[in-house]
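Each remark here refers to the structure printed beneath this line.
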Number of protein chains: 2
Amino acid sequence: MTTEIPSDVMTIREMCEAYDVTPRTLRFYEAKELLTPIRVGTKRLFTRRDRARLALILRGKRFGFSLEDIRQTLDLYDRDDGLTAQRKKACELAVKRLAEMEAQRAELDVAIAELKAELADAEAKGLVPKHAA
Amino acid sequence: MTTEIPSDVMTIREMCEAYDVTPRTLRFYEAKELLTPIRVGTKRLFTRRDRARLALILRGKRFGFSLEDIRQTLDLYDRDDGLTAQRKKACELAVKRLAEMEAQRAELDVAIAELKAELADAEAKGLVPKHAA
DNA sequence: CGTCACAGTGACGTTAACGTCAACTGCTCT
DNA sequence: AGAGCAGTTGACGTTAACGTCACTGTGACG
């Protein structure tokens, strides 16, 4: 046996194409302990778990979270085992983040409204040659 | 005459306290041409215009825009004179930014919903000791 | 007149999230 | 054996937005 290598693993190239990231990025994430691909000799093999985590990482990034934030939150999806203490902490973190997000959205709403008003005003003043229908 | 210095100017210290920023920040913004305080000898005097711009800068930053983005948009509020071409460009920029903001808000809405669901799930499973009322 | 506190000017340091080499190491194919 | 290529490991470069010195300059005060 080759030390129990799951059958559905992917090489770094396959990962890059599948998720549209660079090899550098994947290695970087590994260094940051966001991913833990199997090391066969010197090469990396990404498991289903790694792919799930990567998907979550990318989603987190789209929302503007730092990799460090993401790393901590990842455990929320991960460990289905005991360690309720850890889990509780993860949830608290998520709740905090949730509040931050809602605050951010509220601010965005205000900004959007302001900008829209500003544009409408400029148009009304005829300062702008009607930009759209 | 001391070369026409407006009466309602503020020193760097006053600005720092009024807007809760550091001197370094104000000097940095000046270097980036976001602010243009009057230079009396070597000292800086911030005018009403500078204060208005700073307020807009800080608001922009809260929304996650880069200083470069902000610098360009600032002209939208500023020049009430001619130069319609420039003005048009500024408006287009604002419209683009508006779209980005709405997209971002949409993503945030999704993320918020997902997180909420996730938390509710965790609670339902009894994995977490009821974090709030 | 000394010195203090504040202002100002470089200029280098910092964090995040990678990009970009350079220089290997192994395979694999011929 | 040689070529070629994917993959790896450092290690330095990059952008943004300041922080943090170190040092100079200056007006006010006792």
Side-chain angles (χ1 to χ4, degrees), chain A residues 2-3 5 9-47 50-51 53-74 93 97 100 104, chain B residues 2 5 9-47 50-51 53-74 93 97 100 104 107:
Chain A
T2 35
T3 325
I5 294 182
V9 293
M10 287 172 68
T11 72
I12 201 169
R13 269 303 147 204
E14 293 168 340
M15 288 292 280
C16 291
E17 284 168 27
Y19 295 90
D20 193 36
V21 294
T22 70
R24 179 70 179 93
T25 298
L26 293 177
R27 289 193 273 265
F28 181 73
Y29 288 170
E30 180 182 358
K32 289 271 173 173
E33 294 182 86
L34 286 163
L35 300 180
T36 52
I38 304 172
R39 303 304 298 264
V40 176
T42 173
K43 315 258 164 122
R44 292 168 173 82
L45 290 180
F46 296 84
T47 68
D50 290 315
R51 295 198 288 281
R53 290 175 73 94
L54 180 53
L56 290 170
I57 291 168
L58 297 178
R59 196 186 67 178
K61 275 180 53 83
R62 282 202 311 277
F63 300 143
F65 299 125
S66 73
L67 291 184
E68 179 52 25
D69 281 347
I70 294 171
R71 195 181 60 71
Q72 289 179 39
T73 309
L74 269 181
L93 224 164
R97 198 125 47 230
E100 285 172 15
Q104 190 182 342
Chain B
T2 34
I5 295 181
V9 293
M10 286 172 70
T11 73
I12 201 169
R13 267 305 145 203
E14 294 169 340
M15 287 292 280
C16 290
E17 283 168 27
Y19 295 90
D20 192 36
V21 293
T22 71
R24 179 71 180 93
T25 299
L26 293 177
R27 290 194 271 267
F28 180 73
Y29 288 170
E30 180 182 357
K32 289 272 174 173
E33 294 182 86
L34 286 162
L35 300 178
T36 52
I38 303 172
R39 302 305 297 263
V40 176
T42 173
K43 315 256 164 124
R44 294 166 172 82
L45 289 180
F46 297 84
T47 68
D50 290 315
R51 295 198 287 280
R53 290 175 73 94
L54 179 55
L56 290 170
I57 292 168
L58 297 178
R59 196 186 67 179
K61 276 179 52 82
R62 282 204 308 278
F63 301 144
F65 299 126
S66 73
L67 290 185
E68 179 52 25
D69 282 348
I70 294 171
R71 195 182 60 73
Q72 290 178 39
T73 310
L74 269 181
L93 224 164
R97 196 126 47 229
E100 285 173 15
Q104 190 183 340
E107 289 203 51

OP1, OP2 of [N] versus side-chain N and O of [X]: anything below 4.0 Å?
| X | N | value |
| --- | --- | --- |
| R39(B) | dT9(C) | yes |
| R13(A) | dG7(D) | yes |
| Y29(B) | dC18(D) | yes |
| T42(B) | dT26(D) | no |
| T11(A) | dA6(D) | no |
| S66(A) | dT15(C) | no |
| K61(B) | dA16(D) | no |
| T22(B) | dC18(D) | no |

- [ ] Kindly indicate whether the side chain of R24(B) and the base of dT20(D) share any N or O donor-acceptor pair separated by less than 3.5 Å?
- [x] yes
Open item on the list: Nearest to the I12(B) side chain among dA7(C), dT9(D), dC18(C), which nucleotide is it?
Closed with: dA7(C)
If I take atom [atom1] in residue [X] and atom [atom2] in nucleotide [N], what distance separates them, rounded to the nearest angstrom?
| X | N | atom1 | atom2 | result |
| --- | --- | --- | --- | --- |
| M15(A) | dG7(D) | CE | P | 12 Å |
| E17(B) | dC6(C) | CD | C1' | 12 Å |
| E30(A) | dT9(D) | CD | C1' | 12 Å |
| I70(A) | dA16(C) | CD1 | C1' | 12 Å |
| F28(B) | dT20(D) | CZ | P | 15 Å |
| L26(A) | dT8(D) | CG | C1' | 13 Å |
| K32(A) | dC18(C) | NZ | C1' | 10 Å |
| E68(A) | dT14(C) | CD | P | 19 Å |

- [ ] Answer with base, sugar-phosphate or nothing: what part of the nucleic acid does R44(A) contact at a heavy-atom distance below 4.0 Å?
- [x] sugar-phosphate
Would you tabulate the side-chain donor-acceptor contacts of residues 26-42 of chain A under 3.5 Å, counting partners in other chains and residues two or more places apart, or write 'none'?
unit_1	atom_1	unit_2	atom_2	d
E30(A)	OE1	R44(A)	NE	2.3
E30(A)	OE1	R44(A)	NH2	3.3
E30(A)	OE2	R39(A)	NH1	3.0
T36(A)	OG1	R49(A)	NH1	3.2
R39(A)	NH2	T42(A)	O	2.9

Task: Minimum side-chain heavy-atom gap P23(B)-R13(B) below 4.5 Å - done: yes
TODO: Measure across Y19(A) and R51(A) and return the closest heavy-atom pair with its distance rounded to 0.1 Å.
DONE: OH-CB, 3.2 Å
Task: L54(A) versus M15(A), closest heavy-atom pair with distance - done: CD2-CE, 3.7 Å
Task: Criterion side-chain contact (heavy atoms from CB on, under 4.5 Å) on K61(B) and I70(B), from CA distance to verdict - done: CA-CA 8 Å; K61(B) 276 179 52 82; I70(B) 294 171; 4.0 Å; yes
Open item on the list: Let me spell it out: for each of E14(A) and T25(B), pick the nucleotide of DNA chain D with the closest heavy atom. Which residue's pick is nearer the 5' end?
Closed with: E14(A)
